[in-house]
Amino acid sequence: MPTTPWTYSLPDEATPPHDADRLLLWLVRWQWRTLLAGAAFGIPWMLSIALVPAAIGKAIDDGLVARDGRALVLWSAVILGMGLVSAATTNLRHWFAVRNWLFAAFRSAIVTERAVRRAGPALTREKPAGEVLTAFANDFWKVGMAFDVSARFAGAIASFVVVSVILLRGSVLLGLVMLVGGPLLLASLAFVMRPLQKRQEAQRTESGELTALGADTVTGLRVLRGVGGEETFLSRYAGQSGRVRAAGVRLSGVQAVLDASQVLLPGVFVVVVTGLGAHLAVAGDISPGQLVAFYGYTAFLTMPLRTATEFVNKLINSRVMARRLVSILASEPDHAPTPASVGGSVDGSLGSDVLPPPRPEDLGSGDVDLVDPVSGVRIVPGELTAIVSARPEESAAIAARLGRTVPGRHGVTWAGVALDDVPIEQVRRTIVVSQADPHLFSGPVRRELGALDQPDDDALLAALHTADAMDAVESIDGGLDGELEERGRSLSGGQRQRLALVRALVRDPEVLVLVEPTSAVDAHTEARIAERIPKHRNGSTTVVVTASPLLLDRADRVLLVEDGRVTTVGTHRDLVRSSPAYRRVVLREVEDE
């Protein structure tokens, strides 16, 4: 249970359940104090309105009919007092209602953001980026809608019970009509709620697909224009937009029925109760003041009945959005965190046939090779090793296994330690893989290049020199003190690639794996980078996945991969002379028949 209920922050160990209804209950447990506070003001607020007809009836019977001035003034003062109570409590009730809504919304956003960071690339393989974007832009706000109306709903229940008891004491018939008819009216809405929920989910699904389509298009806009695919995109977007509109139209019909029911059903209820009250008044069973009071009660009852209907409507909406968030919360990362205990089992016990997990300090210790048994790649410590293949996806898969950036166990070992058994955080600190399509993020240039916490810029300037990326920094307003735009969209492809290389070099890991680091730069820039990387990484283990002769010529060893296995090992120049297969890949040489 939280110790600081008046903030919407959550401790890191707070884990929400992966079920929509349980997620909402989990949020209730985290803010039960503010929910109770809202109800504490919502109940007197609605009761002060509900009891006004009773005070008016007393003023009529005891004051006007009995011609008692003191009683008339007394009950007029009571009515004024209830008005003041209503004015005071409505402000506080509304303040807590908004607070509860925001607390639920932001707590949902916090746990969803943590789930996104925890799942990493595994999430985007399961869901389009646009779906995740829609969750943050739309869903978590609506999760809090039921919390917003909770204070009024508590007041609606309390006032309905009080008014029913009052009517029951004045007339058994009217009281029974209230006690039985109110729940029946709400129960009748069940015929609307189920189709409403289904159509809300359908509309949300179509809207998420439209957002995903738009996000994917923005990401590949340059490629789209390059191949002349604008018309194709427009037709796809128009088609999906039409499906969203159709789903919205189907939803609006059921929503309109529900909204109309909020007015019609309480209105019918008022007519029935008022008719019965008038009949009892004509028969002399109730006084004129009671008739006025009963009419006031029935007119007031439209408020709690509509509030109850609104609560059910918003609860359905919150459940629909909670289901979307739960699908993100349930996403599992490629590599589950390694238990922190020293023992070899989850419960801390150490069986005779269970080896203890490797110690972090064992990773990479000694002059022992990094080995991928699937391909036969063996990376010698302290060397610049190049991996080349006629199929780039093969060499990229090897790089991913060496850096443990793909799910599953692949048997990669380093210093006699299975990389799969090492805590993933330790692997990330020790082995860095810079992918062929690296992402740049918006923010200060120094921070996005990983040099914000360094006391000086020496390491950053050295990395910029090695990657020949100073022109990319100078093209940004403010240079190193400037702001990098999202995805580096103001930069060219080659500039983005070189800044990503800078970011990897600044990390200065024990093992650096570079996948096609110069594929987007011109030949002169590539030559400078190829010459400078071995000097910058002198004595450190570096792996380059490339088919560039300029980079291969600078490597200490070159591994030729064919059909997923290493077939030839040597220097670039030796392989050019002795290996026809290598020449076909690197020099694009076509052998005579």
Mind listing the closest non-hydrogen atom pair of [X] and [Y] along with its distance?
| X | Y | value |
| --- | --- | --- |
| S76 | L72 | OG-O, 2.7 Å |
| S48 | V85 | CB-CG1, 4.0 Å |
| W75 | A59 | CB-CB, 3.7 Å |
| V143 | S318 | O-OG, 3.1 Å |
| T405 | R428 | CA-NH2, 3.9 Å |
| V163 | A50 | CG2-CB, 3.9 Å |

Tell me, do [X] and [Y] make a side-chain contact under 4.5 Å, heavy atoms counted?
| X | Y | answer |
| --- | --- | --- |
| F147 | V28 | yes |
| T307 | M46 | yes |
| R409 | D421 | yes |
| N100 | Q31 | yes |
| P304 | I157 | no |
| L74 | D62 | no |
| M82 | I49 | no |
| I56 | V52 | yes |

**Request:** Walk me through it: do H410 and L419 pass the test side chain to side chain contact (heavy atoms under 4.5 Å, CB included)?
**Result:** CA-CA 9 Å; H410 303 285; L419 211 61; over 6 Å; no
**Residues forming a salt bridge (charged side-chain N to carboxylate O under 4.0 Å, His left out) with R152, sequence neighbours excluded** = E310
**Prompt:** Can you name the residues that form a salt bridge (charged side-chain N to carboxylate O under 4.0 Å, His left out) with E113, not counting sequence neighbours?
**Reply:**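 Scan of E113 (salt bridge (charged side-chain N to carboxylate O under 4.0 Å, His left out), adjacent residues dropped) gives R117.
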**Message:** Going by the rule ring pair (Phe, Tyr, Trp, His ring centres under 6.0 Å), which residues pair with F153 if we only count those two or more places apart in sequence or in a different chain?
**Reply:** F311
Between [atom1] on residue [X] and [atom2] on residue [Y], distance to nearest 0.5 Å:
| X | Y | atom1 | atom2 | answer |
| --- | --- | --- | --- | --- |
| R29 | R22 | CZ | CZ | 9.5 Å |
| S86 | L51 | OG | CG | 11.0 Å |
| E483 | E448 | CD | CD | 8.5 Å |
| L92 | H94 | CG | NE2 | 11.5 Å |
| S150 | L35 | OG | CG | 5.0 Å |
| S108 | M321 | OG | CE | 12.0 Å |

**Request:** Give the C-alpha distance, both sets of side-chain angles, the deciding distance and a yes or no for side chain to side chain contact (heavy atoms under 4.5 Å, CB included) between V149 and W101.
**Result:** CA-CA 8 Å; V149 75; W101 169 47; over 6 Å; no
**Prompt:** Are D19 and R323 ion-paired here, with the side-chain N under 4.0 Å from a carboxylate O?
**Reply:**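 No, this pair does not count.
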**Message:** Could you walk me through whether R404 and I424 satisfy the side chain to side chain contact (heavy atoms under 4.5 Å, CB included) test, starting with their C-alpha distance in whole Å, then the side-chain angles of each, then the deciding distance to 0.1 Å, before giving a yes or no?
**Reply:** CA-CA 8 Å; R404 197 179 160 196; I424 191 63; 3.9 Å; yes
Counterpart residues, side-chain contact (heavy atoms from CB on, under 4.5 Å), relative to [X] (two or more places apart):
| X | answer |
| --- | --- |
| A97 | D148 |
| T90 | W45, R93 |
| V73 | none |

**Request:** Decide yes or no on side chain to side chain contact (heavy atoms under 4.5 Å, CB included) for F103 and R107, but give the supporting numbers first.
**Result:** CA-CA 6 Å; F103 276 19; R107 282 185 175 128; 3.8 Å; yes
